[in-house]
Amino acid sequence: QVQLVESGGGLVQAGGSLRLSCAASGRIISSYDMGWFRQAPGKEREFVAAISWSGGTVYYTDSVKGRFTISRDNAKNTVYLQMNSLKPEDTAHYYCAARTPAPISRNRSEYRYWGQGTQVTVSS
């Protein structure tokens, strides 16, 4: 069992930056691939980024490539999402998720554990 708690969301102007954190407890995070997803009002939850258990493989959705960076610190049991050059369309509730290691995936149904999320609002 893994418990995930996200933090770092907030209100930021377009072009600004935020760093989201996902702290895990219950089991060591190095046992899991990790992903970030987001959900805007009235839309389905969508994939943002994923990182393999070792950190050796990362994967981004096209709309955030070059702006967002996913990373992990297994010693701190924490995963991060650095978000730069934020746009109003990045506004959403951001969720951290964990899955047992496998070929890295953007499919949310493959992630077993989820946090409660943190809100990111980007003003124009």
Side-chain angles (χ1 to χ4, degrees):
Q1 189 77 7
V2 178
Q3 292 80 42
L4 303 172
V5 178
E6 302 92 336
S7 62
L11 174 63
V12 64
Q13 288 188 331
S17 298
L18 285 172
R19 188 176 81 156
L20 305 184
S21 298
C22 172
S25 61
R27 293 194 65 178
I28 55 172
I29 205 171
S30 59
S31 300
Y32 298 92
D33 293 341
M34 301 297 296
W36 285 97
F37 293 76
R38 65 187 180 186
Q39 188 168 17
K43 295 187 177 182
E44 290 193 355
R45 192 171 300 185
E46 65 173 0
F47 171 80
V48 176
I51 187 166
S52 61
W53 66 273
S54 66
T57 303
V58 296
Y59 183 36
Y60 300 95
T61 195
D62 287 346
S63 62
V64 308
K65 285 180 182 177
R67 300 189 298 122
F68 290 12
T69 302
I70 188 170
S71 62
R72 64 192 301 159
D73 186 336
N74 287 342
K76 295 183 178 179
N77 240 21
T78 302
V79 176
Y80 304 98
L81 185 68
Q82 178 67 44
M83 305 186 297
N84 299 328
S85 302
L86 282 161
K87 304 176 181 180
E89 51 264 44
D90 294 318
T91 295
H93 207 71
Y94 282 71
Y95 297 89
C96 174
R99 56 168 286 184
T100 53
I104 203 164
S105 173
R106 63 185 298 148
N107 188 341
R108 67 177 186 260
S109 68
E110 296 184 19
Y111 288 79
R112 181 175 181 181
Y113 302 106
W114 292 83
Q116 293 300 306
T118 185
Q119 179 66 32
V120 172
T121 303
V122 184
S123 63
S124 57

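Computed from a prediction, not measured in an experiment: that's the story for all the values here.
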Distance-minimising heavy-atom pair for [X] and [Y]:
X	Y	value
Thr91	Gln119	CG2-NE2, 4.1 Å
Asp33	Pro101	OD2-CA, 3.4 Å
Ile51	Ser71	CD1-CA, 3.8 Å
Ala24	Val2	CB-CG1, 4.2 Å
Leu4	Ala98	CD1-N, 3.9 Å
Ala14	Ser124	CB-CA, 4.3 Å

If only atom types and distance count, is the side chain of [X] paired as donor or acceptor with the main-chain N or O of [Y] below 3.5 Å?
X	Y	result
Asn74	Ser54	no
His93	Arg45	no
Gln116	Glu6	no

With rounding to the nearest 0.5 angstrom, report the [atom1] to [atom2] distance, [X] to [Y].
X	Y	atom1	atom2	result
Thr61	Phe68	OG1	CZ	10.5 Å
Tyr60	Arg67	OH	CZ	12.0 Å
Ser123	Gln13	OG	CD	5.0 Å
Leu18	Gln82	CG	CD	8.5 Å
Met83	Arg38	CE	CZ	9.0 Å
Arg72	Asn77	CZ	CG	9.0 Å

| Derivation of the side chain to side chain contact (heavy atoms under 4.5 Å, CB included) call for Val79 and Ile70 | CA-CA 7 Å; Val79 176; Ile70 188 170; 4.1 Å; yes

| query | Judged by modelled atom types alone, do Ser109 and Asn107 share a side-chain donor-acceptor pair under 3.5 Å? | reply | yes

Applying a strict under-4.5 Å side-chain criterion to I, L, V, M, F, W and Y, I'd like to know whether [X] and [Y] cluster together.
X	Y	value
Val122	Trp36	yes
Val48	Met34	yes
Leu11	Leu81	no
Val58	Tyr94	yes
Tyr111	Tyr32	no

| request: List the steps, then state whether side chain to side chain contact (heavy atoms under 4.5 Å, CB included) holds for Thr118 with Ser7. | output: CA-CA 6 Å; Thr118 185; Ser7 62; 5.7 Å; no

| Between Tyr59 and Phe47, what is the ring plane arrangement, given parallel below 30°, perpendicular above 60°, and tilted in between? | tilted

| Should the pair Asp90-Lys87 be classified as a salt bridge under the 4.0 Å nitrogen-to-oxygen rule? |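 Judged by the 4.0 Å cut-off on N to carboxylate O distance, Asp90 and Lys87 do not form a salt bridge.
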
| Does the ring pair (Phe, Tyr, Trp, His ring centres under 6.0 Å) test come out yes or no for Trp114 and Phe37, once each step is laid out? | CA-CA 10 Å; Trp114 292 83; Phe37 293 76; 4.9 Å; yes

